[in-house]
Number of protein chains: 2
Amino acid sequence: MQHAGLRDGLPAPAGGENLLFLTDEQIRRGIEAMYFAYRAFTSDPDLILDEIGYGRAHHRALHFINRDPGLTVTSLLEVLGVTKQSLNRVLRALIEDGLVDSRVGRRDRRERQLRLTDKGAALERRLSEAQRARMKAAYRNAGPQAVAGFRQVLEAMMDRDTRAQFQSLLDAPTAGARG
Amino acid sequence: MQHAGLRDGLPAPAGGENLLFLTDEQIRRGIEAMYFAYRAFTSDPDLILDEIGYGRAHHRALHFINRDPGLTVTSLLEVLGVTKQSLNRVLRALIEDGLVDSRVGRRDRRERQLRLTDKGAALERRLSEAQRARMKAAYRNAGPQAVAGFRQVLEAMMDRDTRAQFQSLLDAPTAGARG
DNA sequence: TTGGAAAGTCAACAAGGCTGCCCTATCGTC
DNA sequence: GACGATAGGGCAGCCTTGTTGACTTTCCAA
């Protein structure tokens, strides 16, 4: 359907701008694409997690701890946007199972600095490789220009605060205030 | 960080192709962007759903029933990719609350054809408007070319079957086998 | 020394996935 | 007309992962 958006009978607006990509129909497709793609996006790691009795929440914790070793529980809470109680359950399992190392902060001994153990890093790698394989295939298939657009739209969709956080992580992946 | 991907010290591959967009670092950012954007994407309708004691599952059912009035329970199950029992709980609530109308199929009386009532359509509109507002803003912000790339990558990320289903819906939104 | 932040714990609850099993109504076919 | 397959509904019980609320312990800093 090359002429999507014409169903409402509106001609292209004056001024030379082609705003057909903003029609309800196009937006609806974007919404559905987002839903279907996200489902696929999580499905590969989910299979692995199922095997070992973990869930997505464990994966997320492993991911962000891996990306930023030594981050505190509070920082992790902020990134994940969940409650302390909810994270705690997951974190406790990971620590008890020897995947995450929680050590008392040097600067502030109330804080816990989180790191992956070798075992945790191995699982994280396994999970993220499954996820990356799909993402990489999609990237390769779509090409660099499409990928740029993909990232642009996703960033524009985030909440202001999240986007700021996300973008700040681009330039300094490991440079938090955590020594 | 314009030079992302150079951290592994690899030069651009020979052959003139610039594959820097396929580095682990770029892929990782795509993964995180997907996570953060999806969270934002669901947050607006979630607020409304919370008010009235519904969840995302109700929203999804309303969305797909609205898009394809008269679809059967089995079709909806296939689109959503959940079990009958899981959907049933949600569907029962929607029918009891007078948002969805379930009538016996004419062609096959075993089937139930699902439609939104006026009340259901009103809620669906309210929910999808909240979601569309964000998506539309992101689209406008990123521009048509970025949106094309966005859709391209999302589609490439889907499972084969889902993508086929998704694409078939483009040309014939209401043309199922359901007379 | 004292207030408050950080971290952790326990309890209870809800949404929404899942499996397993059973039931009815209906359809198509032998 | 009987029988198997299909569509759908319902019940029980499980899990993960989110939530509130209340409480304690630890520890830094004023």
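Just so we're on the same page: letters track the sequence lines, and every chain starts at 1.
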Student: Separation of B:Leu76 atom CG from D:dA7 atom P, in whole Å?
Tutor: 14 Å
Student: Any idea how A:Tyr38 and B:Tyr38 line up, ring-wise: parallel (<30°), tilted (30 to 60°), or perpendicular (>60°)?
Tutor: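 Rings of A:Tyr38 and B:Tyr38: parallel, as their planes differ by under 30°.
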Student: Hey, which sits more toward the 5' end of DNA chain D by its nearest nucleotide, A:Val90 or B:Leu91?
Tutor: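 It is B:Leu91 whose nearest nucleotide is closer to the 5' end.
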Student: May I have the distance from B:Asn88 (atom CG) to C:dG17 (atom P), rounded to whole angstrom?
Tutor: 13 Å
Student: With no hydrogens and no angle check, just 3.5 Å: does a side-chain donor-acceptor pair link A:His63 and B:Glu32?
Tutor: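 Short answer, yes.
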Student: So, A:Lys136 side chain and A:Glu129 main chain: donor-acceptor pair closer than 3.5 Å or not?
Tutor: no
Student: Under 4.0 Å, heavy atom to any atom of DNA chain D: which of residues 40-57 of chain A qualify?
Tutor: A:Gly53, A:Gly55, A:Arg56, A:Ala57
Student: Specify the separation, in whole Å, of atom CD of A:Gln113 and atom P of C:dG8.
Tutor: 12 Å
Student: Could you tell me whether B:Asp101 and B:Arg103 have a side-chain N and a carboxylate O separated by less than 4.0 Å?
Tutor: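 The answer is yes: the pair qualifies as a salt bridge.
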Student: Does A:Leu87 or B:Val73 map to a spot on DNA chain D nearer the 5' end, using the closest nucleotide for each?
Tutor: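 Taking each residue's closest nucleotide, the earlier one in sequence belongs to B:Val73.
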Student: B:His58 side chain N/O closer than 4.0 Å to the phosphate oxygens (OP1, OP2) of C:dG16?
Tutor: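 It does, given that an N or O in the side chain of B:His58 lies less than 4.0 Å from OP1 or OP2 of C:dG16.
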Student: Evaluate the ring planes of B:Tyr139 and A:Phe21, with Trp represented by its six-membered ring, and classify them as parallel (under 30°), tilted (30 to 60°) or perpendicular (over 60°).
Tutor: parallel
Student: Let me know the distance between CG of A:Leu80 and P of D:dT19, rounded to the nearest Å.
Tutor: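 Value for this atom pair: 10 Å.
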Student: From CZ of B:Arg89 over to P of D:dG10, roughly how many Å is that when rounded to an integer?
Tutor: 13 Å
Student: Taking only heavy atoms on the protein side, list every residue of residues 92-103 of chain A lying under 4.0 Å from any atom of DNA chain D, sorted numerically.
Tutor: none
Student: Regarding A:Thr72 and A:Arg112, do their side chains bring together a donor and an acceptor under 3.5 Å, going by distance alone?
Tutor: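 A:Arg112 and A:Thr72 do not have a side-chain donor-acceptor pair below 3.5 Å.
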Student: Specify the separation, in whole Å, of atom CG of A:Leu77 and atom C1' of C:dG8.
Tutor: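 It is 11 Å, rounded to the nearest whole Å.
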Student: According to a hydrophobic-cluster definition based on side-chain heavy atoms being under 4.5 Å apart (Ile, Leu, Val, Met, Phe, Trp, Tyr only), do B:Leu91 and B:Ile52 belong together?
Tutor: yes
Student: Measure from the side chain of A:Thr83, starting at C-beta and using heavy atoms only, and say which of D:dT19, D:dT17, D:dG9 lies closest.
Tutor: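 Of the candidates, D:dT19 comes closest.
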Student: May I have the distance from A:Leu71 (atom CG) to C:dA6 (atom P), rounded to whole angstrom?
Tutor: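 Between P of C:dA6 and CG of A:Leu71: 14 Å.
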Student: Consider only side-chain N and O atoms of B:Ser86 and B:Thr83, and report whether a donor and an acceptor are under 3.5 Å apart.
Tutor: no
Student: Report yes or no: do A:Gln26 and B:Arg151 form a side-chain donor-acceptor pair below 3.5 Å?
Tutor: yes
Student: Under 3.5 Å, is there a donor-acceptor pair between the side chain of A:Gln131 and the main chain of A:Asp44?
Tutor: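 No, because the side chain of A:Gln131 does not come within donor-acceptor range (under 3.5 Å) of the backbone of A:Asp44.
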Student: Go along nucleotides 21-30 of chain C 5' to 3' and tag each nucleotide: B for a protein heavy atom under 4.0 Å from its base, S when only backbone or sugar atoms are that close, - otherwise.
Tutor: B---BBS---
Student: Less than 4.5 Å apart, any side-chain heavy atom of A:His59 and any of A:Tyr54?
Tutor: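 No - every pair of side-chain heavy atoms lies 4.5 Å or more apart.
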